Protein chains: 2
Amino acid sequence: MARAVSETHGEILAAAARRFAVTGYRGTSLQDIAREVGCSKATVLYHFANKEALLAELMAPAIAVLRALDDQLTGLTGAAAQQAAAVGFVDLAVRFRREIALLRGEFPELLCQPAFAHIQQISERLRDALAGHSDRPGARITALVLLAGISEGCAEFVDVPDDELRPALLTLVRRALEPVDASLPQPPTTEDKET
Amino acid sequence: MARAVSETHGEILAAAARRFAVTGYRGTSLQDIAREVGCSKATVLYHFANKEALLAELMAPAIAVLRALDDQLTGLTGAAAQQAAAVGFVDLAVRFRREIALLRGEFPELLCQPAFAHIQQISERLRDALAGHSDRPGARITALVLLAGISEGCAEFVDVPDDELRPALLTLVRRALEPVDASLPQPPTTEDKET
DNA sequence: TCAGAGCCTGACCGATCGGTCAGATTGGCG
DNA sequence: CGCCAATCTGACCGATCGGTCAGGCTCTGA
């Protein structure tokens with residue numbers, strides 16, 4: 001009955017992604033995942049140290065891109081930071097919306113766990129950049145609503161095709177953001193050209 | 001030791017609100033609430049039929065206003081619906097941001113519970129109105145991001161004063177929404193006069 | 001042939017959850 | 001006084017959770 005390790009490992013990962021997407025991380029038990037795979041709960045814990053490690057492996061690609069975006073943002077200020085944050089985050093959300101979706105509303109609690117502690121800081125820097133590093137309350141509120149709204153909305157965007165979702169989100173973000181500096185307006189409607 | 005019923009009842013309610021705001025609904029046990037009040041878990045369940053009833057009583061005022069907004073929206077179409085939905089929802093979010101905040105990211109799961117089933121439908125109608133009843137994907141995505149973002153952001157708006165939060169949200173929503181009908185643009189920058 | 005590594009499992013663990021229940025305590029009232 | 005209803009509690013319940021463990025199975029290679 002013993003399958004190749006990579007096979008079962010991958011099956012568990014896929015099953016976990018499916019269940020998390022439906023019932024969330026906390027709402028999905030190891031038993032649920034095992035049932036979906038057709039193995040025992042002990043097998044799940046043979047392939048993954050614990051439940052958190054399972055989530056971490058699922059989120060790893062998205063987190064890597066998030067860190068890259070964070071690096072790319074350091075040093076940028078004002079409108080340049082705002083632009084880069086907007087484009088980068090929309091790209092991230094579109095590419096990894098399935099991964100983001102399976103966290104549903106559990107960001108606040110998950111970010112408190114040690115394994116994801118640094119994500120908290122990254123997301124705060126991202127919000128700051130999206131606000132153009134302005135300390136005006138309106139700018140900070142706008143940035144927060146956009147980040148939270150896009151993150152939470154991902155669950156419902158799963159079936160929207162990329163080339164429809166990306167321009168829609170980019171347009172929304174660009175329109176919502178006030179230019180941080182009137183002498184540096186948004187680049188002239190280049191709707192979609194970036195990495 | 002027995003206090004007047006209204007007294008303990010209110011203390012439990014207040015303690016629950018405090019705990020829910022910190023650790024969320026699911027992350028707060030009846031034991032936690034009892035500890036905060038200084039009574040036994042059985043006492044909590046003497047005053048409230050179950051945990052869900054506690055939450056329902058906490059959310060009742062907000063839900064009543066939400067239903068009123070829903071009623072007010074029926075019959076309106078296009079830009080009129082969009083305007084009314086925007087102003088109404090921003091008002092709701094500002095007034096009841098503490099109540100909304102204590103749900104954190106648990107909307108999706110709570111809305112599945114029978115006691116809150118109708119909220120699901122109301123929020124869908126609200127989203128539809130905010131999109132100006134348009135079926136353009138962009139409009140629907142924008143409406144969803146705004147609703148989700150403001151709902152989820154409430155937890156962080158708790159300390160922002162009303163007269164700072166409301167205009168900021170109104171400006172954001174008005175700027176983000178595309179006018180559903182070019183011949184009916186947004187009313188000329190009357191930033192803040194409504195019920 | 002056989003030892004061992006890799007894979008898998010049922011049984012079990014302690015903790016915690018929401019919820020129940022019989023009974024102790026108390027305060028008001030006839 | 002005695003009665004009763006309201007209030008409150010400790011002990012307990014069944015269910016579920018994440019996680020552990022000893023051992024069984026199968027395949028491989030010396």
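As the structure is a prediction and not an experimental result, all values here were calculated from the model. Naming: A, B, ... by sequence-line order, numbering from 1 per chain.
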Practice item. Answer yes or no: side-chain N or O of Lys41(A) and base N or O of dG19(D) forming a donor-acceptor pair under 3.5 Å. Key: yes
Study note, to complete from the structure: Between CG of Leu54(A) and P of dG19(D) the distance, given in whole Å, is 10 Å
Exercise for review: Kindly say whether Ala16(B) contributes a backbone atom to a donor-acceptor pair with the side chain of Arg19(B) at under 3.5 angstrom?
Suggested key: no
**Study point:** Options dG18(C), dC8(D), dT9(D), nucleotide nearest the side-chain atoms of Ala42(B)
**Key:** dT9(D)
Revision key, fill the gap. Winner on side-chain proximity to Thr8(B), out of dG19(D), dC8(D), dG19(C), is dC8(D)
Point to revise | Closest approach of Arg140(B) to Ser134(B) (non-hydrogen atoms, all atoms of both residues) | key: NH1-O, 3.5 Å
Review point. Does a side-chain heavy-atom distance below 4.5 Å link Phe89(B) with Val173(B)?
Key: no
**Study point:** Atom-pair distance (NE2 on His47(A); C1' on dT9(C)), nearest Å
**Key:** 12 Å
**Study point:** Under 3.5 Å side-chain donor-acceptor pair for Glu57(B) and His47(B)
**Key:** no
Practice item. Decide yes or no for Thr28(A) and Val22(A): does some side-chain heavy atom of the first lie under 4.5 Å from some side-chain heavy atom of the second? Key: no
Check your understanding: Once you round it to whole Å, what is the distance between C1' of dT9(C) and CG of Leu45(A)?
Key -> 12 Å
Review point. What is the distance from CZ of Phe48(B) to P of dT7(D), rounded to the nearest Å?
Key: 12 Å
Check your understanding: So does Tyr46(B) get a side-chain nitrogen or oxygen closer than 4.0 Å to the phosphate oxygens (OP1/OP2) of dC8(D)?
Key -> no
Point to revise | Carboxylate-amine/guanidinium contact Asp162(B) Arg97(B), below 4.0 Å | key: yes
Check your understanding: Within the side chain of Thr23(B), is there an N or O that forms a donor-acceptor pair under 3.5 Å with the backbone of Phe20(B)?
Key -> no
Check your understanding: Looking at Asp32(B) and Arg35(B), does any basic side-chain N land under 4.0 Å from a carboxylate oxygen?
Key -> yes
Check your understanding: Heavy-atom distance under 4.5 Å between the side chains of Phe157(A) and Val145(B), does that happen here?
Key -> yes
Check your understanding: Among the nucleotides dT9(D), dT9(C), dG19(C), which one has an atom lying closest to any side-chain atom of Thr43(B)?
Key -> dT9(D)
Revision key, fill the gap. From the candidates dG19(C), dG10(D), dG19(D), the one with an atom nearest any side-chain atom of Asn50(A) is dG19(D)
Practice item. Pull out every residue in residues 22-33 of chain B that has a heavy atom closer than 4.0 Å to any atom of DNA chain C, ordered by number, or say none. Key: Thr28(B), Ser29(B), Leu30(B)
Exercise for review: Quickly work out the Lys51(A) NZ to dT16(D) P distance and round it to whole Å.
Suggested key: 15 Å
Review point. In whole angstroms, how far is the P atom of dC17(C) from the CD atom of Glu52(B)?
Key: 18 Å
Review point. When Watson-Crick pairs (N1 to N3 and N6-O4 or O6-N4) and G-U wobble pairs (N1-O2 and O6-N3) count only below 3.5 Å on both distances, what is the dot-bracket string of DNA chain C, with | for other-strand pairs?
Key: ||||||||||||||||||||||||||||||
Check your understanding: Within this structure, what is the CD-to-P distance between Glu11(A) and dC7(C), rounded to whole angstrom?
Key -> 14 Å
